[in-house]
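A, B, ... follow the sequence lines: proteins, then strands. Residue 1 opens every chain. Small disclaimer: the values here were computed from a predicted structure and weren't measured. Just so you know, these numbers use all the heavy atoms, side chains as well, and skip hydrogens, waters and symmetry mates.
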Protein chains: 2
Amino acid sequence: MSPREHTHPAVEDVELVTVLSALAEPTRLRIVRMLAAMEGERAWKDIDLPIAQSTLSHHLKILRNAGLVRNRAEGTRCFVSLRDEELEGRFPGLLECVLACCDADAGRGGGGS
Amino acid sequence: MSPREHTHPAVEDVELVTVLSALAEPTRLRIVRMLAAMEGERAWKDIDLPIAQSTLSHHLKILRNAGLVRNRAEGTRCFVSLRDEELEGRFPGLLECVLACCDADAGRGGGGS
DNA sequence: TTCGATGTTCGACGAATGTCGAATACCGAA
DNA sequence: TTCGGTATTCGACATTCGTCGAACATCGAA
């Protein structure tokens, strides 16, 4: 597989359990929060987490398959962005609500911003 | 352990990831929907799923530890209920939203009612 | 006390998951 | 074409998870 072209599922084909599973992991939830905290895209290399590159790639793949994020290639680099608007049409309020709950969870080990 | 007395965590002590993990499993999500569909409690034996009793007990334990459900003993029998009001205080809108999304997911393999 | 009914726990199993380092594929630049 | 940077895939590993049947614990009834 080329690092440039990825298969993004249609949000209509994504199941709720898949989305919840994708969000039910600290590292992935952190990535989603990171993406939500900024409008637009984020460069792959700017996702700065204490994990190996292969692990990050793995998590992004899961988020991708869950319809949560989108990958865009530009030259050698990749950019990641939330599919929040599409997701809103499929699961209204879900992403927004989970993100809001993240803040309610902050300070208790839920992983600060 | 007695089947009567269980330890229910305070909702304040439950982490978001724990709740999401508990919900991110088809059988458990189905149980939660089942409980949400009816006001009040549900008898253990009325939770009619194609799984072994020990498996059901296992899932209920996970839901319990996630602060999602409460167990009440009455004689030899147990009753289960959603902790929706408490959860609403800790993670506003989350449970309601997920339940609404279940319906949006219905008919696609997300498990009908 | 003895029994039967009801949940829980235990032990085991295969499957899935999160993690890493190494190998691979791709792109742009030299 | 060769090389360096970037992301993905592969192989391996330990851990966790979902599942079951069997053994156990508790309560109410006989």
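- Of the candidates D/dG5, C/dT19, D/dG18, D/dG18 carries the atom nearest the B/R28 side chain, counting heavy atoms from C-beta on.
- For A/R64 and D/dT8, the shortest distance from a side-chain N or O to OP1 or OP2 is below 4.0 Å.
- Per the geometry, CG belonging to B/N65 stands 13 Å off C1' belonging to C/dT8, to the nearest Å.
- At a threshold of 4.0 Å, the pair A/E86-A/R83 counts as salt-bridged, since one of the basic side-chain nitrogens sits closer than that to a carboxylate oxygen.
- If you check every strand for non-hydrogen atoms under 4.0 Å, A/H58 touches a base.
- Contact annotation: A/S57 does not reach the phosphate of D/dA7 (side-chain N/O to OP1 or OP2, under 4.0 Å).
- For the pair A/I62 CD1 and C/dT19 P, the computed distance is 9 Å after rounding to whole Å.
- We find that CG of B/L56 is positioned 14 Å from P of C/dT6, with the value rounded to whole Å.
- For C/dA5, the OP1/OP2 oxygens have no side-chain nitrogen or oxygen of B/W44 closer than 4.0 Å.
- Regarding A/E25, its CD atom lies at a distance of 14 Å from the C1' atom of D/dC17, rounded to whole Å.
- A/H59 pairs with exactly one of A/R64, A/R28, A/R30 by the side-chain hydrogen bond (donor to acceptor under 3.5 Å, both in side chains) rule, that one being A/R28.
- At least one side-chain nitrogen or oxygen of B/N71 sits closer than 4.0 Å to the OP1 or OP2 atom of C/dT8.
- At C/dC26, none of the side-chain N or O atoms of A/R77 fall inside 4.0 Å of OP1 or OP2 (strictly under the cut-off).
- Protein atom CZ of A/R72 is 16 Å distant from nucleotide atom P of D/dT6, rounded to whole Å.
- A salt bridge does not link A/R70 with A/D84: none of the charged nitrogens is closer than 4.0 Å to a carboxylate oxygen.
- Taking a 6.0 Å sphere around CD of A/E41, one finds it holds more than 12 heavy atoms contributed by other residues, nucleotides or ligands.
- Of the candidates B/T18, B/I62, B/V19, B/L68 forms a side chain to side chain contact (heavy atoms under 4.5 Å, CB included) with just one, namely B/V19.
- Listed pair A/T55 / C/dC20 meets the phosphate criterion, a side-chain N or O lying under 4.0 Å from OP1 or OP2.
- When rounded to the nearest whole Å, the span between CD1 of A/I31 and P of D/dA7 equals 13 Å.
- Nucleic acid contact for B/I51: sugar-phosphate only, since backbone atoms but no base atoms lie under 4.0 Å from a heavy atom of the residue.
- Among the atoms of the strands shown, none is found under 4.0 Å from any heavy atom of B/L60.
- Taking atom CG of residue B/D46 and atom P of nucleotide C/dG7, one finds them 9 Å apart after rounding to whole Å.
- As judged by a 4.0 angstrom heavy-atom cut-off over every strand, B/I47 is placed among residues making no nucleic acid contact.
- Panel note: side chain A/E74, backbone A/F79; no donor-acceptor pair is recorded below 3.5 Å.
- One donor-acceptor pair, N or O on each side, does fall under 3.5 Å between the base of D/dG21 and the side chain of B/S54.
- In this structure, the CD atom of A/Q53 is 13 Å from the C1' atom of C/dA22, given to the nearest Å.
- Put simply, B/H59 has a side-chain N or O that comes within less than 4.0 Å of OP1 or OP2 on D/dT19.
- Within the structure, a side-chain polar atom (N or O) of A/H6 is placed less than 4.0 Å from OP1 or OP2 of D/dT8.
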